[in-house]
Protein chains: 2
Amino acid sequence: MVHDIDERSQFILKAIVQSYIMNVEPVGSRTVSKMYGVEISPATIRNVMSDLEEMGYLEQPHTSAGRIPTDKGYRFYVDSLIDIPILAKAESDRINKNYESKLTEIEKVMESTSRLLSYISRQAGIVLLPRFTTITFRHISFIKMRDNQVLAIFVSESGVVQNKVIRLEEDLRQEELDTITAYLNSEFGGLTLKMIRERIIEIMANDKREYDNLLRKAMDLSQKAFLEGSIEEDIYVGGTTNILEQPEFIADVEKMKTIFKAFEEKAKLIKILDKCLEEEGIHIVIGAESEIQEIRDCSLVTHTYKHGDSVLGVLGIFGPKRMEYPRIIAIVDYTAGIVSKILSGEPS
Amino acid sequence: MVHDIDERSQFILKAIVQSYIMNVEPVGSRTVSKMYGVEISPATIRNVMSDLEEMGYLEQPHTSAGRIPTDKGYRFYVDSLIDIPILAKAESDRINKNYESKLTEIEKVMESTSRLLSYISRQAGIVLLPRFTTITFRHISFIKMRDNQVLAIFVSESGVVQNKVIRLEEDLRQEELDTITAYLNSEFGGLTLKMIRERIIEIMANDKREYDNLLRKAMDLSQKAFLEGSIEEDIYVGGTTNILEQPEFIADVEKMKTIFKAFEEKAKLIKILDKCLEEEGIHIVIGAESEIQEIRDCSLVTHTYKHGDSVLGVLGIFGPKRMEYPRIIAIVDYTAGIVSKILSGEPS
DNA sequence: TTTAGCACTCACCCGAAGAGAGTGCTAATA
DNA sequence: TATTAGCACTCTCTTCGGGTGAGTGCTAAA
C-alpha cells in the first residue's frame with residue numbers, strides 16, 4: 001500500500017483518533033479545528049477528512065455525523081502516530097506495590113496480575129499461563145488415591161504446579177510409585193515436556209524384552225501422565241465488569257452480550273493470545289484483526305513475560321477499540337517486566 | 001404472623017406468581033380471570049389482589065399497572081404453593097450424560113457441574129468447594145522448590161487436591177522432607193484439618209526439650225502448612241452470560257452491572273453459600289433475604305452435596321427472583337444427588 | 001359476597017416540530 | 001493552486017402533546 005498520507009493529514013488523523021478516544025463521539029471538522037495546536041479551518045479539515053475516509057482510515061456512522069477511526073485508522077495511529085510515554089510514577093508505584101507481598105505461587109501471581117491490570121487500566125486484564133509443553137520440567141510426584149487412581153503433580157522450573165489424576169489398569173503400591181517417581185525425576189528433570197514426550201516414545205520404541213517390570217510400569221504411568229490429554233492452558237480474566245462501564249457497550253447491550261460470551265468461552269481468547277505468544281514483546285490486536293467476530297469492537301494489547309530467558313506466557317489488557325493506547329501500552333510493558341522479574345526470583 | 005390467607009387467595013397468588021414468572025410483566029385482574037381453571041370475575045380478583053397487597057405478598061410498580069409478587073410473595077409461593085415435579089426424562093438424561101466421562105479431579109467435576117447447571121437452567125450455575133477445614137485429610141506431600149521454598153500438596157479423602165507454597169527460614173533437604181512427610185501422614189492421616197490443627201498445637205505445647213531436631217522441623221513445617229493462612233474456598237460460577245439474557249436486566253443495565261460486580265467479587269456469594277452449607281438439603285434465598293444489596297433482584301436455589309455421609313459443599317442455580325422454582329429446585333436436587341454419588345466413587 | 005359498570009390514572013407509543021451538528025459544494029480569496 | 005467562507009442540505013436526537021390501552025378503585029346492583 002502506498003504511503004501517500006502527508007504530515008498534515010497524519011496530524012489530523014491523530015487528532016481525530018485522540019478526540020474520539022476521549023469523547024466516544026464522532027469527531028467533526030469544527031471540533032478538530034478548535035483543538036489546541038490546530039490552525040486550519042474547518043473547511044480544509046473537511047477536505048482532508050474526506051481524503052482519509054477515501055483511503056479507509058476514517059468512516060462516517062451516517063451522513064452529517066462526524067468521523068470515527070476505522071481499524072485501519074487505529075492501526076496507523078498505534079504504528080506511526082504515538083510514542084509510548086513513560087509511566088506516571090503513581091502508576092508504576094501502584095504496580096510495584098502489587099508484587100511487594102512476595103507471591104510465590106504462580107497462579108496467585110497470575111490472578112493478582114489480571115486484577116491489577118484491570119484495575120489500573122479500567123479495562124479487562126488478561127493473563128495467559130501457557131501450554132505446559134514449552135516449560136522446563138523440574139519434578140514430578142505421584143500420590144496414590146483410591147484404587148487404581150494416582151494423582152500426578154508436575155512442578156516446573158519456574159514454579160508452575162499442575163495436578164492430574166491418572167487412572168491405571170493395575171493397582172500400584174505407594175512404594176512402587178516412589179521408585180518410579182525417583183526414576184522419572186532423574187530421567188526427565190530439566191527437560192521440557194516436549195523433549196520428555198520424545199524421550200518416552202524413544203524408550204518405548206526400544207526392544208520391549210529389555211524392560212523389567214518396573215520400567216514397564218514407569219513408562220505406562222509416564223505415558224498417561226505426559227502424553228495423554230493436553231494439560232490445558234490457564235487463562236485469567238480480571239475486571240470484566242469494567243466492560244460494563246464503557247459507554248459504547250452500555251448503549252448497545254447486544255454487543256455487550258457478545259463480548260461476555262467470548263469471555264466465558266475462553267477458547268477464542270486463548271487462540272488470539274497464542275498468536276501473541278509467538279513473538280516476544282508487545283502485540284496489539286485491533287478490532288477485526290483478531291478475525292474473531294465476537295470481539296470486533298475490541299482491542300487487545302499484550303506483552304510476553306518470561307522466566308529467565310524463555311517466554312513463559314503473555315499478559316495484557318482487553319478493552320474497546322477506543323482505548324488510550326499509549327498509556328495502555330506503557331502499563332502492559334511495565335507490568336510484563338515486573339512479572340518476569342518476579343518469576344525469575346529476582347528481588348523486586 | 002397470622003396465616004389468614006384463604007384457599008382462593010392462595011390460588012390467585014399462585015396464578016399471579018406463575019404468570020409473572022412466565023411473562024415478566026405485571027399481572028392484572030383480567031389476565032388472572034382469563035387463565036385456565038379460574039372461574040372468578042376480574043372484580044373479585046381485584047379485591048383479593050388488594051388484600052394480598054395489603055398483606056405484603058404483592059406490589060404495584062405504579063398505580064394502574066398490574067401486580068408483581070414481593071419477596072414475601074415468592075417465599076409463600078415456594079414454601080406453600082408448589083410441589084416439586086419429577087424431573088423430565090430429557091433433563092435427567094442430560095445431567096447423567098454430563099458425568100458419564102468419569103471425571104475424577106474434583107475441580108473438573110465442579111467446573112463442569114457449574115456449566116451444566118447453567119446450561120439446563122438458562123441461569124447462572126454455582127458450585128462451592130468448601131473450606132478445607134471440614135474435610136478429612138488423607139495425604140500430604142512436600143516438594144522442594146527453589147531455596148527455602150517448599151510446595152505442600154494436600155489430598156483429602158474425597159479427592160480434593162490443594163497446593164500451597166511455603167517459605168522456610170532454613171533450608172531442608174529433600175530427604176528430610178520425605179521423612180517428615182512419612183511422619184505427618186502417619187500422624188495426621190484420617191483426621192480433619194480442624195483436628196490436625198488442635199493436634200499440632202497440642203504437640204507443640206509439650207515440653208520443648210523432648211523434641212529431636214527433625215520433629216521440630218516437622219512441626220515447624222506443618223504449622224506453616226496447616227495453620228497459617230486459610231486455604232481459601234473455591235467457587236465456580238458458570239453461565240453468567242445467561243443473566244444477560246434476562247429481559248428484566250436487559251431493560252436495566254444498572255442492575256446488570258451490580259450483579260456482575262457481585263459475581264466478580266465472589267466474597268459476597270461465598271458468604272451466602274456458607275449459610276446454605278449449614279444445613280443439609282435444599283436452601284432457597286429470595287431477593288433481599290440474602291441481605292446483600294447487590295443481588296436483591298435475584299434468587300438462589302442450592303443443595304448440599306456430600307462425600308459419603310459428610311457434607312462437602314453446596315451447588316445451586318442463581319437467577320432473577322422470577323425463576324421457575326419448581327423446575328429449578330428439581331434440577332438442583334437431582335444434580336446434587338448425582339454429584340454426591342460421583343464423589344463417593346459409586347458407579348453412575 | 002360477588003359482580004357489572006364506570007370514571008380515572010398512568011405508562012407507553014407514536015408523529016411532528018425544532019434544534020443542532022456536520023457535511024459537501026461552490027465561489028471567493030491569498 | 002491551495003485554502004477558506006458561505007450556504008443549502010441532511011440526518012439524528014430531543015421534546016412535547018395527544019391518543020391508546022391496560023388496569024385500578026369505587027359504587028351500586030344482583
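Here is how names work: the chains are called A, B, and so on, in the same order as the sequence lines, proteins then strands, and each is numbered from 1. Owing to the predicted nature of the structure, the values given are computational and were not obtained by experimental measurement. Side chains included, hydrogens not; waters and symmetry mates left out as well; all remaining heavy atoms used.
- Each of A:G66 and B:P42 was assigned the nucleotide of DNA chain C with the nearest heavy atom; the assignment lying further toward the 5' end belongs to B:P42.
- Residues passing the side chain to side chain contact (heavy atoms under 4.5 Å, CB included) test with A:K261 are B:T241, B:E245, sequence neighbours excluded.
- Distance alone, capped at 3.5 Å, places no donor-acceptor pair between the A:K255 side chain and the A:I295 backbone.
- Between A:E91 and A:R327, at least one side-chain nitrogen of the basic residue sits less than 4.0 Å from a carboxylate oxygen of the acidic one, meeting the salt-bridge criterion.
- One interatomic measurement links the two molecules: CG of B:D51 to C1' of C:dT1, which rounds to 13 Å at whole-angstrom precision.
- Applying the side chain to side chain contact (heavy atoms under 4.5 Å, CB included) test to B:Q246 and every residue at least two apart in sequence or in another chain returns B:Q123, B:E248, B:F249, B:P320, B:R322.
- Distance B:E25 CD to D:dG23 C1': 13 Å, rounded to the nearest Å.
- Sequence neighbours left out, the pairs with a member in residues 251-270 of chain A that pass ring-ring contact (aromatic ring centres under 6.0 Å, His included) are A:F260-A:F263, A:F260-B:F260, A:F263-A:F318.
- For the pair B:I45 CD1 and C:dT1 P, the interatomic distance rounds to 18 Å; values are reported in whole Å.
- Two end axes, each from the C1' atoms of five base pairs, can be drawn for the helix from C:dT1-D:dA30 to C:dA30-D:dT1; they diverge by 20°, to 10 degrees.
- The side chain of B:Q60 lies closest to D:dT24, out of C:dT3, D:dT24, D:dG23.
- Contact between the side-chain N/O atoms of A:R67 and the OP1/OP2 oxygens of C:dA21 is not found at any separation under 4.0 Å.
- Between B:R30 atom CZ and D:dG21 atom P the separation is 13 Å, expressed in whole Å.
- The distance from atom CD1 of A:I16 to atom C1' of C:dT23 is 13 Å, rounded to the nearest whole Å.
- A:R67 has no carboxylate O lying under 4.0 Å from a charged side-chain N of A:E59, or vice versa, which leaves the two without a salt bridge.
- B:E59 places its CD atom 14 Å from the P atom of D:dT24, with the value rounded to the nearest Å.
- The closest side-chain heavy-atom distance from B:D274 to B:V314 is not below 4.5 Å.
- Of the residues in residues 244-252 of chain A, none has a non-hydrogen atom less than 4.0 angstrom from any atom of DNA chain C.
- Going from atom CD1 of A:I40 over to atom OG of A:S29 covers 11.5 Å, rounded to the nearest 0.5 Å.
- Judged as a side chain to side chain contact (heavy atoms under 4.5 Å, CB included), and not counting sequence neighbours, the contacts of A:R75 are A:V78, A:D79, A:I284, A:I286, A:E289.
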Under 3.5 Å, which N/O atoms of the protein pair with N/O atoms of nucleotides 16-20 of chain D?
none

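- Side chain of B:D71 to main chain of B:G287: no donor-acceptor pair is present (N/O by atom type, distance under 3.5 Å, no hydrogens or angles).
- No donor-acceptor distance shorter than 3.5 angstrom exists from the side chain of A:S9 to the backbone of A:I5, with no hydrogens or angles considered.
- Atom pair A:I68:CD1 and C:dT23:P shows a separation of 13 Å (rounding to whole Å applied).
- Under 3.5 Å, the side chains of A:S299 and A:Y325 contain a donor-acceptor pair of N or O atoms.
- With sequence neighbours left out, B:T31 forms a side chain to side chain contact (heavy atoms under 4.5 Å, CB included) with B:S19, B:V27.
- Within the structure, a side-chain polar atom (N or O) of B:S29 is placed less than 4.0 Å from OP1 or OP2 of D:dT24.
- The side-chain tip of A:K321 does not point at the ring of A:Y74 from less than 6.0 angstrom away and within 45° of straight on.
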Strictly under 4.0 angstrom, non-hydrogen atoms only: write out the protein contact profile of nucleotides 25-30 of chain C, one letter per nucleotide from the 5' end, B, S or -. ------
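- Listed nucleotides: C:dT2, C:dT3, C:dT23. Nearest to the side chain of B:R8: C:dT2.
- Between A:T240 and B:E264, the side chains place a donor N or O and an acceptor N or O closer than 3.5 Å (distance only, hydrogens not considered).
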Counting primed atoms, P, OP1 and OP2 as sugar-phosphate and everything else as base, the B/S/- map of nucleotides 7-20 of chain C against protein heavy atoms under 4.0 Å is --BBS---------
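- Remark: B:S41 engages B:T44 in a side chain to side chain donor-acceptor pair (under 3.5 Å) (not counting sequence neighbours).
- Scanning for side chain to side chain donor-acceptor pair (under 3.5 Å) contacts around A:D252 gives an empty result, with sequence neighbours left out.
- Rounded to an integer number of Å, the gap from CG of B:L52 to P of D:dG23 is 17 Å.
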